[in-house]
Amino acid sequence: MSNPAFESFVAPARNKSELWRTALGLLVGLVLYAVGAWAVIVGGGLILADVLSPNDIARGATPLGVFLLLFHFIAMAAAVALITRVIHKRPVKTLFGDMSRLMPDFLSMAGLCLAIAVLASVIIVIFVDVDWKISLSTWLLFLPLALPLILLQTGAEEMVFRGYLQQQLGARFGTGAYAAWMIVPAVLFALGHSDPTSQGANVWAVLAITFLFSLITADITARSGSLGAAWGLHFVNNLQALLLFSLMGPLNGLSLGSIGISPSSPSALPLFAGDALALCLIYLLWRRRHG
C-alpha cells in the first residue's frame, strides 16, 4: 500500500540515489566524521588536560568526559550535512523530512516517552538497588548543558540512519523495499552501538535491542514523513540512560543514579528486556494515536 508521507520523505533523494553515490557518501562521511571527532576529542582533551584525564574521556567517567564525548557528534552532523549538500546536491533540511511536522512530532513523542520513563524510574527506584552518585543540586547544574548535547548527539544519529540512509535506500529501491531502507540501516545502527569490551557475553542482547530500536524508529519515520518522532524517542531514551540511571561502565559520568550491574553481567539481561518492552509499549501507543 502506498504511503504518501514516506513517498514525500524520500522524494528529495530520488535524483541522486545511485548506489555508488550513496556508498561514496558513506565512505566520505565516515572519514570526515572520524577526523572531526578526533579533532574535537583530542583538542578538548588538551584544553581540559588539567581537569580531565584520557581515561575520563575514553570511558565518560566524569561529567566533563561525557560532555566532550557528546559534543564530538557535531562532527557527525557536519559530515552528513556536507555529503548531502555536495555529493547528493540537495538541501540539508531535506534530511529531516516534513519540516512542519518536525517539532510537533518531536514534542509529542518526547512527551509520551517521558511518561513511560517516569514510570520506569519509579519501578527502578522501588525494585533495584541504586547508588545515588551525585547530589540533585549538582545534577541540576549540569542539566542545561547536558540536554542540548544529548539533543545534538541523537539528532546527528537520526540524520545519518533515519535521514540519509533511509532516504537514499528508499529512493533507490522503492518505498516498498523494507529490507533495504529498514533492515540495512538497522544492522549498521546496531553494530555501531556494540562494544564487546564492556558488554561481554551480553553483546548479543545489546545488538538485539538496538536493532529493535532502529526498526521502530524507521517505521515511525516512514509513517510520519519526518524525523521528529524518531528524534523525540531517541532523545528521551538517551536522556534516561545518560542522565537518570546508568549501568556500571562507560558513559555513566552524568547519571544521577548508578545501578551496580555491569553491562556484561547476566543480571543486566532483565534490564535489557525491560528496555525492549518499554520500546514496544511506546511504539504501540504511538501507533494507536497516529495510525
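Owing to the predicted nature of the structure, the values given are computational and were not obtained by experimental measurement.
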Where the side chain of [X] meets the backbone of [Y], is there a donor-acceptor pair that is under 3.5 Å apart?
| X | Y | value |
| --- | --- | --- |
| Asn3 | Ala222 | yes |
| Ser8 | Pro4 | no |
| Trp286 | Ser108 | no |
| Lys89 | Val86 | yes |
| Gln167 | Pro12 | no |
| Asp131 | Lys133 | no |
| Ser214 | Thr210 | no |

Only distances under 3.5 Å count here; give the side-chain donor-acceptor pairs of residues 263-279 to other protein atoms, sequence neighbours excluded, each with its distance to 0.1 Å.
| residue | atom | partner | partner atom | Å |
| --- | --- | --- | --- | --- |
| Ser264 | OG | Ser262 | OG | 2.9 |
| Ser265 | OG | Ser267 | N | 3.1 |

Describe, in one word, how the ring planes of Phe213 and His234 are oriented to each other, choosing from parallel (under 30°), tilted (30 to 60°) and perpendicular (over 60°).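 Taking His234 first and then Phe213, their aromatic rings stand perpendicular (interplane angle over 60°).
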Pair listing, ring pair (Phe, Tyr, Trp, His ring centres under 6.0 Å) test, anchored in residues 80-134, at least two apart: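 Residue pairs with at least one partner in residues 80-134: His88-Tyr164, Phe106-Trp231, Phe106-Phe235, Trp132-Phe245.
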Between Ser226 and Ser224, a side-chain donor and acceptor under 3.5 Å: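 Result is no, nothing qualifies.
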Transitive ILVMFWY cluster of Val31, excluding itself - 4.5 Å side-chain cut-off: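 Under the 4.5 Å side-chain rule, Val31 groups with Val35.
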Rounded distance [0.5 Å steps], [atom1] in [X] versus [atom2] in [Y]:
| X | Y | atom1 | atom2 | answer |
| --- | --- | --- | --- | --- |
| His72 | Leu70 | NE2 | CG | 9.0 Å |
| Leu191 | Phe211 | CG | CZ | 10.0 Å |
| Ile124 | Gln240 | CD1 | CD | 5.5 Å |

Do Val42 and Ile57 land in one hydrophobic cluster if side-chain heavy atoms of ILVMFWY residues count as linked below 4.5 Å?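 The answer is no; the residues belong to distinct hydrophobic clusters.
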Counting only heavy atoms not in Asp129 (residues, nucleotides, ligands), do more than 12 fall under 6.0 Å from its CG?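 No, not enclosed.
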Please say whether more than 12 non-hydrogen atoms of neighbouring residues, nucleotides or ligands are located less than 6.0 Å from CZ in Phe71. no
By salt bridge (charged side-chain N to carboxylate O under 4.0 Å, His left out), which residues pair with Arg90, not counting sequence neighbours?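 With sequence neighbours excluded, Arg90 shows a salt bridge (charged side-chain N to carboxylate O under 4.0 Å, His left out) to no residue whatsoever.
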So, using salt bridge (charged side-chain N to carboxylate O under 4.0 Å, His left out) as the criterion, who are the partners of Arg223 when residues are at least two apart? Asp219
Is Arg162 positioned over the aromatic face of Phe9, cation under 6.0 angstrom from the ring centre and no more than 45 degrees off axis? no
Knowing that exactly one of Leu207, Val206, Leu247 qualifies, which makes a side-chain contact (heavy atoms from CB on, under 4.5 Å) with Gln199?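 The option that passes is Val206.
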Donor-acceptor contacts under 3.5 Å from residues 248-255 side chains, at least two apart:
| residue | atom | partner | partner atom | Å |
| --- | --- | --- | --- | --- |
| Asn252 | ND2 | Gly249 | O | 3.4 |
| Ser255 | OG | Ser246 | OG | 2.8 |
| Ser255 | OG | Asn252 | O | 3.1 |
| Ser255 | OG | Gly257 | O | 3.4 |

